[in-house]
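Report on the structure given below.
Quick note on labels: first sequence line is chain A, next is B, and so on, each numbered from 1.
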2 protein chains.
Amino acid sequence: MTNPPIPFRPPVGLRLAAAAKAVSRAFDEEMAAAGGSMAIWQVLIAVKSRQTGNQRELAASMGIQGATLTHHLNGMEKSGLVTRARNPENRRVHAVELTPAGEALFLRLREVALGFNHRLRDGLADEDLDRFEHILDRLAANATKES
Amino acid sequence: MTNPPIPFRPPVGLRLAAAAKAVSRAFDEEMAAAGGSMAIWQVLIAVKSRQTGNQRELAASMGIQGATLTHHLNGMEKSGLVTRARNPENRRVHAVELTPAGEALFLRLREVALGFNHRLRDGLADEDLDRFEHILDRLAANATKES
DNA sequence: TATTGTTATACTCTATAACTATA
DNA sequence: TATAGTTATAGAGTATAACAATA
């Protein structure tokens with residue numbers, strides 16, 4: 001009836017989550033100091049890198065639901081960062097575009113992101129990062145494939 | 001007035017965040033199916049692996065604030081998973097202990113976590129994971145060190 | 001006064017369900 | 001009917017500030 005200690009070592013997924021949390025938190029702080037946020041930055045990237053896509057695709061590329069993206073876009077539109085206009089050829093589609101303020105914020109946040117990543121990569125060779133990203137991809141694929 | 005596309009490649013930090021999100025989400029789903037959650041699992045691990053620590057240390061090991069941990073413990077106490085009793089030697093300290101239900105849930109979630117990690121590691125050699133975790137540590141350290 | 005933890009409150013991100021507009 | 005997106009609502013996780021209990 002005693003309670004023998006169970007040998008225990010934190011699993012790899014937890015290591016990944018903890019590291020990602022620490023990195024995201026530090027990144028968020030720098031984004032906030034520059035007038036942005038992680039979510040805003042992701043939307044700006046998504047809009048900037050695939051201007052033609054509809055919102056559903058945009059949301060998918062961010063890993064969130066369409067309604068969640070609407071939520072973020074509402075805030076960004078209210079802040080004057082983006083505009084949404086119906087596409088004349090298919091008026092169901094809303095074309096999301098950056099305003100000048102949105103473009104300016106994108107450039108500012110990009111500076112922050114580039115600087116952050118430069119610091120993040122300190123002491124890490126490109127080869128290390130390539131392998132690292134390869135394993136990231138593998139983990140994500142393993143996690144999401146049906147057992 | 002045209003809009004020349006700015007060459008752009010998602011930074012590494014974003015890759016890390018996206019992979020962690022995908023993995024965490026899949027993990028959360030399995031935890032939920034077993035009656036738990038990521039937060040509950042982390043508390044159980046923290047309590048289980050360092051029973052002597054006070055709540056502040058517990059929170060720190062989870063990367064959250066003390067008040068946030070209280071929030072989780074309130075829920076877990078209400079669910080009958082943990083008890084909190086004052087330490088007679090220093091009555092400011094609340095000793096967090098698992099109830100039998102908490103122990104049972106720990107074991108159940110551990111099964112889920114072990115199975116998940118087994119699947120997660122599919123096709124990855126220990127050597128790969130060692131290097132991977134080393135880089136995770138490095139990234140976390142780089143992110144949190146003052147620039 | 002300092003330490004430990006809780007309460008009160010609020011913010012952000014996320015989701016689902018029901019809805020509107022358009023095709 | 002099907003598709004694109006929005007609105008309404010809710011839940012989880014987090015934080016800060018003020019507080020109570022104890023030392």
Side-chain angles (χ1 to χ4, degrees), chain A residues 14 17-18 20-22 24-29 31-32 35-43 46-47 50 52-79 82-97, chain B residues 14 17-18 20-22 24-29 31-32 35-44 46-47 52-79 82-97:
Chain A
L14 207 56
K21 178 189 265 189
S24 289
R25 193 165 302 194
F27 185 70
D28 257 337
E29 281 170 18
M31 284 282 123
S37 76
M38 178 74 172
I40 288 175
W41 173 230
Q42 281 188 284
V43 172
V47 173
R50 45 178 16 246
T52 57
N54 63 21
Q55 285 185 209
R56 191 152 302 182
E57 290 169 21
L58 227 66
S61 78
M62 291 177 63
I64 60 178
Q65 295 303 116
T68 304
L69 177 57
T70 295
H71 170 79
H72 293 309
L73 288 175
N74 286 344
M76 292 176 71
E77 191 170 37
K78 191 144 73 176
S79 307
V82 301
T83 57
R84 283 179 285 187
R86 289 183 183 276
N87 179 337
E89 299 185 0
N90 179 347
R91 291 182 45 75
R92 286 178 303 194
V93 175
H94 290 206
V96 178
E97 305 254 343
Chain B
L14 206 57
K21 178 190 264 189
S24 289
R25 194 166 301 195
F27 185 69
D28 257 338
E29 281 169 17
M31 285 281 124
S37 75
M38 180 73 173
I40 287 176
W41 173 229
Q42 281 188 284
V43 172
L44 291 175
V47 173
T52 58
N54 63 21
Q55 284 185 211
R56 191 151 301 181
E57 289 169 21
L58 226 66
S61 78
M62 291 176 64
I64 60 178
Q65 295 303 114
T68 304
L69 177 57
T70 295
H71 171 78
H72 293 309
L73 288 175
N74 285 345
M76 292 176 72
E77 192 171 36
K78 190 144 74 176
S79 308
V82 300
T83 58
R84 282 179 286 186
R86 288 183 184 276
N87 179 337
E89 299 183 1
N90 179 346
R91 291 182 45 76
R92 284 177 304 195
V93 175
H94 290 206
V96 178
E97 305 256 343

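- Take B:Ser24 and apply the side chain to side chain contact (heavy atoms under 4.5 Å, CB included) test, not counting sequence neighbours, and it matches A:Ala17.
- The NZ atom of B:Lys21 sits 15 Å away from the C1' atom of D:dA12 (whole-angstrom rounding).
- D:dG13 atom C1' lies 14 Å from atom CZ of B:Arg25, rounded to whole Å.
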Detail all sub-3.5 Å separations between protein N/O atoms and N/O atoms belonging to nucleotides 21-23 of chain D.
from, atom 1, to, atom 2, distance (Å)
D:dT22, OP1, B:Arg91, NH2, 3.1
D:dA23, OP1, B:Arg91, N, 2.8

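- Distance CD (A:Glu29) to C1' (D:dA15): 12 Å, rounded to an integer number of Å.
- For the contact set between residues 68-75 of chain B and DNA chain C, defined by any heavy atom under 4.0 Å, the members are B:Thr70, B:Asn74.
- Residue B:Ile40 contributes atom CD1, which lies 12 Å from atom P of D:dT14 at whole-angstrom precision.
- A search for salt bridge (Lys or Arg N to Asp or Glu O under 4.0 Å) contacts involving A:Arg25 returns nothing, not counting sequence neighbours.
- Under a 3.5 Å cut-off, the side chain of B:Asp28 and the backbone N or O of B:Met38 do form a donor-acceptor pair.
- Boundaries of the chain A contact region on DNA chain C are C:dC13 to C:dA23, first to last in 5' to 3' order (nucleotide atom under 4.0 Å from a heavy atom).
- Within 4.0 Å (heavy atoms only), A:Ala67 reaches at least one base atom of the nucleic acid.
- For A:Arg84, the listed nucleotide lying nearest its side chain is D:dT6; candidates were D:dT6, D:dG13, D:dT16.
- Residues meeting the side-chain hydrogen bond (donor to acceptor under 3.5 Å, both in side chains) test with B:His94, sequence neighbours left out: B:Arg86.
- The two residues A:Leu69 and A:Gln55 make their nearest non-hydrogen contact at CD2-O, 3.3 Å.
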Residue pair B:Met62, B:Thr68: steps toward the side-chain contact (heavy atoms from CB on, under 4.5 Å) verdict: CA-CA 10 Å; B:Met62 291 176 64; B:Thr68 304; over 6 Å; no

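- The CE atom of B:Met76 sits 11 Å away from the P atom of D:dG13 (whole-angstrom rounding).
- Checking the phosphate oxygens (OP1, OP2) of D:dG13, no side-chain nitrogen or oxygen of B:Gln42 falls inside 4.0 Å.
- Looking at heavy atoms from C-beta onward, A:Leu58 lies out of side-chain contact with A:Gln42 at the 4.5 angstrom threshold.
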